[in-house]
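Only a predicted model underlies this, so the values are computations on that prediction, with no experimental measurement involved.
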Amino acid sequence: MNHLYLKGIEKGYYHSDSDSFELNIPQLTIQEGELFALLGPSGCGKTTLLKVVAGLLEPDRGEVLLGDQTISKIPTEKRGLGMVFQQALLFPHMTVEANVAFGLKMKGISKGVRLEKAKSMLKAVGLSGFGDRFPAELSGGQQQRVSLARALVTCPQVLLLDEPFSSLDPELREEMRDLLKGLQQDYKLTTLLVTHDVNEAFVLADKIGIMKQGRIMQIDQPQILYENPNSPEIALFLGARNVIYGQLSQGVFRTGSFKLAVPGKEEFYQQSGWIVLRSENLKLCPVPASTEFSQINRDLILRGSVVKSVFSQGSYHVTVQIESQSVNLSFPADQSSKPGLGEALELTYDPQSLVFIPEY
Ligand SMILES: Nc1ncnc2c1ncn2[C@@H]1O[C@H](COP(=O)(O)OP(=O)(O)OP(=O)(O)O)[C@@H](O)[C@H]1O
């Protein structure tokens, strides 16, 4: 069993200007073969936690276990880890092949075997024929492939990735994500990825932990997390654009003069909280819904006027003022002409897609 288990990890940085930071992870399990993404904004403590796992930083308290064995006192190079960082950090004076084979050399593996393994790993990352080059003769994306090959060639028990593709351009980033996901699944590698990129976490991870100010706020599979954020901050961080505070009572959500039917949530009585109305779940009613689209439940129609209308990447992004509340939605530009400022719109939504986060 090679699951990674963190128990009672605490690490503090205390500054005289009172801008201190405390990492506090009571427990965290990353299952064998799972890709776990720690996702959070800059400064929330992702790298600090990764360094603790790597043995690059000693925690004030707590233990890191691999399977049933504590590895807290084992030095980094003996922990059986593969690591890939934002920068490739290759040895500039060594060839690509020698860079990849370096970890095997440290393990005392014979030259013939290590060169053979390095060649085959370079092939796995799509760099056959590049072994004799030096790092400076490679593009940034190719250098990151080499660092991935170098991390994998020693058959690590755990792979640690710190924003590995953030310095690459978007197209290359996608290519590298596919490569990583394929290799991680082929080798069934227990993997901890830290990233601030929501899309990256959702594309790659089996499970995501959302971090804020040194703590993990929610852990779930990507879709469950997206559909059930447990706080308004998480809903906003994951891209929801309408997170509205108000009161839910007997199936109706109210804030100011804005009213929203929330069928199926009649159990709440005068409960304060946040409704998450995702912009992609709001739709335009094609013609006055009240007349021609009587099949649409009239309770699910919202009427308002356009206060902002922008075209970007094939879609219109529109803000509609509905009573006291402004609401954002996006829809493909080929569905309608661009809504003009002041134009009256009728919108509808799928009540199943609404999320209510009670305030306790
Ligand atoms: N060696 C250090 N000494 C003092 N404070 C530190 C040290 N390293 C990190 N910090 C502080 O700890 C907090 C967490 O830093 P960390 O690098 O873990 O965050 P992060 O989530 O990885 O951020 P980013 O995404 O920007 O890399 C920050 O407030 C940072 O300023």
Side-chain angles (χ1 to χ4, degrees), residues 6 9-13 18-30 35-50 162-163 166 192-248 253-256 258 260 262 265 268 270-282 308 317 319 322 324-330 349-360:
L6 310 189
I9 298 288
E10 293 178 27
K11 174 74 192 171
Y13 292 123
S18 81
D19 178 27
S20 43
F21 170 82
E22 286 176 357
L23 178 74
N24 187 339
I25 310 292
Q27 56 170 329
L28 174 65
T29 305
I30 300 173
L35 195 155
F36 185 97
L38 261 185
L39 173 65
S42 182
C44 70
K46 305 180 295 292
T47 301
T48 302
L49 182 56
L50 194 94
D162 191 353
E163 311 263 6
S166 59
L192 174 60
L193 162 75
V194 310
T195 181
H196 65 270
D197 184 330
V198 175
N199 188 37
E200 181 155 284
F202 273 76
V203 169
L204 288 174
D206 300 307
K207 222 181 261 167
I208 297 175
I210 303 271
M211 246 185 128
K212 186 185 161 195
Q213 291 171 352
R215 286 169 169 70
I216 299 182
M217 312 302 288
Q218 186 173 359
I219 297 178
D220 264 312
Q221 291 167 12
Q223 192 171 348
I224 296 176
L225 188 66
Y226 181 78
E227 290 170 355
N228 301 287
N230 67 13
S231 73
E233 289 92 345
I234 292 178
L236 287 164
F237 185 67
L238 298 181
R241 292 174 62 220
N242 303 302
V243 181
I244 307 166
Y245 182 75
Q247 281 227 324
L248 181 59
F253 176 84
R254 288 186 176 83
T255 179
F258 176 77
L260 192 72
V262 190
K265 293 203 170 29
F268 291 103
Q270 301 207 337
Q271 171 68 59
S272 300
W274 294 264
I275 201 89
V276 182
L277 176 61
R278 290 208 180 78
S279 52
E280 66 270 27
N281 296 127
L282 270 168
K308 189 174 167 195
H317 306 280
T319 306
I322 302 168
S324 59
Q325 183 65 45
S326 62
V327 160
N328 301 296
L329 78 152
S330 300
Y349 56 96
D350 172 9
Q352 302 295 330
S353 67
L354 293 176
V355 176
F356 181 66
I357 305 170
E359 180 182 44
Y360 291 118

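One N or O on the side chain of E163 and one on the backbone of H196 form a donor-acceptor pair closer than 3.5 Å. At least one donor-acceptor pair under 3.5 Å links the side chain of D206 to the backbone N or O of L35. The closest donor-acceptor contact from the side chain of Q218 to the backbone of N230 lies under 3.5 Å.
Residues passing the side-chain contact (heavy atoms from CB on, under 4.5 Å) test with F356 are L248, F253, K265, F268, Q271, I275, P358, sequence neighbours excluded. Residues that satisfy the side-chain hydrogen bond (donor to acceptor under 3.5 Å, both in side chains) test with T255, not counting sequence neighbours, are absent from this structure. Residues forming a salt bridge (charged side-chain N to carboxylate O under 4.0 Å, His left out) with E200 (at least two apart in sequence, or on another chain): R177. For Q221, the side-chain contact (heavy atoms from CB on, under 4.5 Å) partners are I224, not counting sequence neighbours. The side-chain hydrogen bond (donor to acceptor under 3.5 Å, both in side chains) search around S279 returns none, not counting sequence neighbours. Among residues two or more places apart in sequence or in another chain, the side-chain hydrogen bond (donor to acceptor under 3.5 Å, both in side chains) test is passed with Q247 by S272. Applying the side-chain hydrogen bond (donor to acceptor under 3.5 Å, both in side chains) criterion to T29, with sequence neighbours excluded, gives no partner residue. Contacts of D350 classified as salt bridge (charged side-chain N to carboxylate O under 4.0 Å, His left out), with partners at least two apart in sequence or in another chain: none.
Listed here is the closest heavy atom pair of I234 and P229: CG2-CB, 3.9 Å. Nearest heavy-atom pair across H317 and S330 is ND1-OG, 2.8 Å. Between D197 and N199 the shortest heavy-atom distance is OD1-N, 3.0 Å. Nearest heavy-atom pair, A201 versus A37, reported as atom, atom and distance to 0.1 Å: CB-CB, 3.9 Å. In terms of heavy atoms, L282 sits closest to N328 at CD1-O, 3.6 Å.
Pairs passing the salt bridge (charged side-chain N to carboxylate O under 4.0 Å, His left out) check and including a residue from residues 211-227, sequence neighbours excluded, read K212-E233. Counting only residues at least two apart or on different chains, no salt bridge (charged side-chain N to carboxylate O under 4.0 Å, His left out) pair has a member in residues 351-360. Within the structure, side chain to side chain donor-acceptor pair (under 3.5 Å) contacts touching residues 37-47 (residues at least two apart or in different chains) are T47-D162. Within the structure, every pair that satisfies the ring pair (Phe, Tyr, Trp, His ring centres under 6.0 Å) test and touches residues 225-247, not counting sequence neighbours, is listed here: Y245-W274.
Partner I219 forms a side chain to side chain contact (heavy atoms under 4.5 Å, CB included) with one of L225, L28, L38, I210 and no other, that one being L28.
Few gaps surround CD on E280; more than 12 heavy atoms of other groups in view lie less than 6.0 Å from it.
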